[in-house]
Amino acid sequence: MNINKWAESILSGHDLRDKILNAPNLRNDKRGPSQKEFRTPARSKEIQFNEKRHPFPNESQLESDHGHAVALHHFANHELLAIEIMALMLLRFQNAPTSFRGGLVKTIHEEQRHLSMYVKRMKDFGYEFGDFPLNGFFWNAAQEIQSIDQYNALMGLTFEQANLDFAIHYRNLFTRMKDTKTASIMDQVLKDEIGHVQFALHWFQKDCNDLWAKYLKNLIPPMSPTRAKGKHFHIDLRKKIGFPSKYIEELQLYSKSKGRAPDLYFFNPGVESELHHQSSLYTSQWLKDFKHDLEDTLFFLSRRDDIVLLEERPSQDFLKNTQAILGYLPEVLVGDLNSPEVQERLLRNICPWGWTPQLLQTSKTLHLSNAAVIPINERALTKSHSKCNAISVLHRLVDELPHDLFPNTFECGHVVSSYGECMRSIENLRQNGHETLILKSPYGTSAGNTLLIEKKDDLNEKWIENILNKHSEIIVEPWLNRINDLSIQIYVDKKIRYLGISQFLTNARGVYQGAIVSPPLKGISKDVISYFLKSKEKDSMVSRIAQFVGGELYKLGYRGPAGIDGYIYKNNSNEIRYKPISEINSRFNFGNINLKLRSLISPGSHATWRIEKKSQKPISKFEVHNGLIRSGLIPTNDFNKATKFMSFLEVTRSQDI
């Protein structure tokens, strides 16, 4: 039998025995066009493609015979698809070099052996091939292949390269389960797959100066390099096979969604600045530097298969460290929302740091899924960000949820709308024992757009008049003796979700400097914690604050993440009090990042996250136990590209403190 006839018999045969027909001594002659165009391989009813999906079992499910059989069925399905795709390539590339076609025949014989082993092992558990749905994903992915390079890129360097990682993972897993028979099958598959990948690499890298660039060029969309690696990326094995170090590093750090439409995250910390200046054109140099340097922290907001949109791509060192910490990397795009790569992508949602009037308009040009949620309209945007709204909500909260720890009406602060009213409010506060005061614009972050009044000479009439002319309102508050700053994280929707509480660090003027990541309430009076801050209790005051404020934002029309900043302080009688709302941030904030970082910390360790001016490069060195960080110093933005700011996570063991 010649090779073409054998390949046709595989594709036109209906039963499993036709697919695993092993024909020795095949002749590579009588080349000519195939007698039949195979849009789909012929299959009997029992093994036809099926759009239904049967999920792959998790590790606990693999303990059962059923779970074992499902896993083997998935593996067998992939082997059958590989056999049929390779047979199709033999017919499609009949003028390929004889040694290439001979190598393809050898590979098919080995894939047939794998399929037979999987099917036989399934029967040991009481199942037949075809008992579960069979999908045709691999077959569909191969239909556009028009060259040998495209074939090798897809099959050998993507599907089979990923199988190196998967075969090792499941061989080790079945070994731990004492299933030596299945583990032995996986070991044989691994040995053969090493040869298959070497075969593809040999042909693919001929006359090639940049293997990674050639790989990207020949991988047909929507397939991506993400498909070329498994749960654990085995670098040493790839080196042994012959992959160049540069290629291995690029693949290790590459990320792109395998299927679902991704969420797109980007850092635009100038939300309040845009609202304050009533223009998107004004951006201070400080804000430009802050945005550029700390945009990398969004890696700790995004999830696997999401996109992070950056001004500048981080260094490989930063990406490696972040991948080691998170266990994954989101996809990185460089540019802005008008970049073609962004405009052409189907996005499930866009997730900016915060929404602005300009962004609401820009979002209309993006290709968003039907499930996308624009969390606010322009009418409600300015009010939800206004500190005046936060003061109003605070007064309602202390009236409706009275508590001994809450501030009195003077300590809450007031909103004024004229110069005369501002002067009367200042005098009223002073008569009630508050000498140091702070005036705030309705829009500003981290002590920005504020006026601190410690003595009468600090009163700046021009500043007050400018704010009133621009925004018609000013907040007048007493400067309170703050002890601990707290931020409650919520997600606003029809059902308000309380996400957690974090303690953040500020300087003497209230400028944000970082957070105590774990334990979050370290240093707070035990009496206060037991009386007020037991956030695990559904009926705790913290939870009630979250529900109340979330409800107020929902009424305004906002949907999405929000932070409620407040602080513990001592009043003029030296009594502990808690101001539950100093600001409401209807956007992402660093508290969200702190919650994600906390999930990475090992029990028994203390962690602090800080933002500082860039100075000496921190050495990234950390100890991991059971996948969690026990100790170390870890940069959370890329020092190499930062100009002014650096952020880092410092983790210490309890006994080291």
Side-chain angles (χ1 to χ4, degrees), residues 267 269 289-290 292-302 314-329 446 482-487 489 499-524 529 563 565 567-568 588-657:
F267 192 49
D289 293 336
F290 192 80
H292 172 269
D293 291 357
L294 295 177
E295 64 178 356
D296 305 324
T297 60
L298 291 189
F299 281 87
F300 300 95
L301 275 185
S302 60
S315 66
Q316 298 292 79
D317 286 344
F318 174 78
L319 292 174
K320 284 180 183 177
N321 273 340
T322 305
Q323 186 181 60
I325 297 165
L326 292 174
Y328 65 88
L329 281 177
S446 198
R482 296 157 78 135
I483 302 172
N484 306 98
D485 291 278
L486 299 170
S487 183
Q489 305 306 315
L499 304 178
I501 189 168
S502 59
Q503 182 180 178
F504 61 95
L505 307 171
T506 61
N507 66 11
R509 290 185 59 86
V511 177
Y512 186 93
Q513 293 185 311
I516 297 174
V517 176
S518 179
L521 302 181
K522 180 186 176 187
I524 296 178
I529 293 174
D565 289 351
Y567 53 84
I568 297 170
F588 283 117
N589 57 88
F590 288 128
N592 296 102
I593 291 176
N594 296 332
L595 292 181
K596 181 58 175 287
L597 292 173
R598 188 181 305 161
S599 71
L600 306 174
I601 306 302
S602 178
S605 292
H606 295 307
T608 304
W609 185 68
R610 293 185 181 276
I611 297 174
E612 296 182 355
K613 288 185 178 179
K614 182 178 178 180
S615 57
Q616 185 176 355
K617 183 176 181 179
I619 299 173
S620 180
K621 187 176 181 181
F622 51 93
E623 177 191 0
V624 175
H625 179 67
N626 291 332
L628 298 174
I629 305 167
R630 296 185 69 179
S631 62
L633 186 68
I634 304 156
T636 51
N637 70 318
D638 186 5
F639 183 91
N640 294 315
K641 78 170 192 177
T643 58
K644 297 288 177 59
F645 299 97
M646 56 187 289
S647 66
F648 57 88
L649 178 69
E650 185 172 13
V651 185
T652 54
R653 296 294 290 165
S654 301
Q655 61 267 26
D656 297 333
I657 297 178

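This is a predicted model, so every value here is computed, not measured.
Using modelled atom types, one side-chain atom of Asn637 and one backbone atom of Phe645 make a donor-acceptor pair closer than 3.5 Å. In this structure a side-chain-to-backbone donor-acceptor pair under 3.5 Å is missing from Arg610 to Phe648. Checked by atom type and distance alone, the side chain of Asn592 pairs as donor or acceptor with a backbone atom of Asn589 at under 3.5 Å. Looking at Thr322, its side chain never comes within 3.5 Å of a backbone N or O of Leu319 through a donor-acceptor pair.
Across all non-hydrogen atoms, the minimal contact from Pro603 to Leu628 is CD-CD1, 4.0 Å. Across every non-hydrogen atom of Arg598 and Ser518, the tightest pair is CG-CB, 4.2 Å. Here the closest heavy-atom approach between residue Gly563 and residue Gln489 is recorded as CA-OE1, 3.8 Å. Of all heavy-atom pairs spanning Arg653 and Ser602, the tightest one is NH1-OG, 4.1 Å. Taking both residues in full, the closest heavy atoms of Leu298 and Phe267 are given as CD1-N, 3.2 Å, listed atom of the first, atom of the second, then distance. Looking at every heavy atom in both residues, Pro635 comes nearest to Phe318 through O-CE1, 4.0 Å.
In this structure the side chain of Pro269 never reaches within 4.5 angstrom of the side chain of Glu295, judged on heavy atoms. The side-chain heavy atoms of Thr643 and Asp293, taken from C-beta on, include a pair separated by under 4.5 Å. With a 4.5 Å cut-off on side-chain heavy atoms, Val651 and Phe622 do not count as touching. Annotation: side chain of Asp296 is in contact with side chain of Lys641 (closest heavy-atom distance under 4.5 Å). At least one side-chain heavy atom of His606 sits less than 4.5 Å from a side-chain heavy atom of Pro519. For the pair Thr506 and Tyr567, the minimum side-chain heavy-atom distance is 4.5 Å or more. At least one side-chain heavy atom of Ile501 sits less than 4.5 Å from a side-chain heavy atom of Leu521. With contacts defined as side-chain heavy-atom distances shorter than 4.5 Å, the pair Ser647/Leu294 qualifies.
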Criterion side-chain contact (heavy atoms from CB on, under 4.5 Å) on Leu600 and Leu326, from CA distance to verdict: CA-CA 8 Å; Leu600 306 174; Leu326 292 174; 4.0 Å; yes
Trace of the side-chain contact (heavy atoms from CB on, under 4.5 Å) decision for Leu486 with Ile524: CA-CA 10 Å; Leu486 299 170; Ile524 296 178; 3.7 Å; yes
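Every residue two or more places apart in sequence or in another chain that forms a side-chain contact (heavy atoms from CB on, under 4.5 Å) with Asn640 is listed here: Ser315, Lys617, Asp638. The side-chain contact (heavy atoms from CB on, under 4.5 Å) test applied to Ile516 returns Gln503, Leu505, Lys522, not counting sequence neighbours.
Between the side chains of Thr608 and Glu650, no donor-acceptor pair of N or O atoms lies under 3.5 Å. In the model, Ser487 has no side-chain atom that pairs as donor or acceptor with a side-chain atom of Ser502 under 3.5 Å.
Taking the six-membered ring where the residue is Trp, the centroids of Tyr512 and Phe590 are separated by under 6.0 Å.
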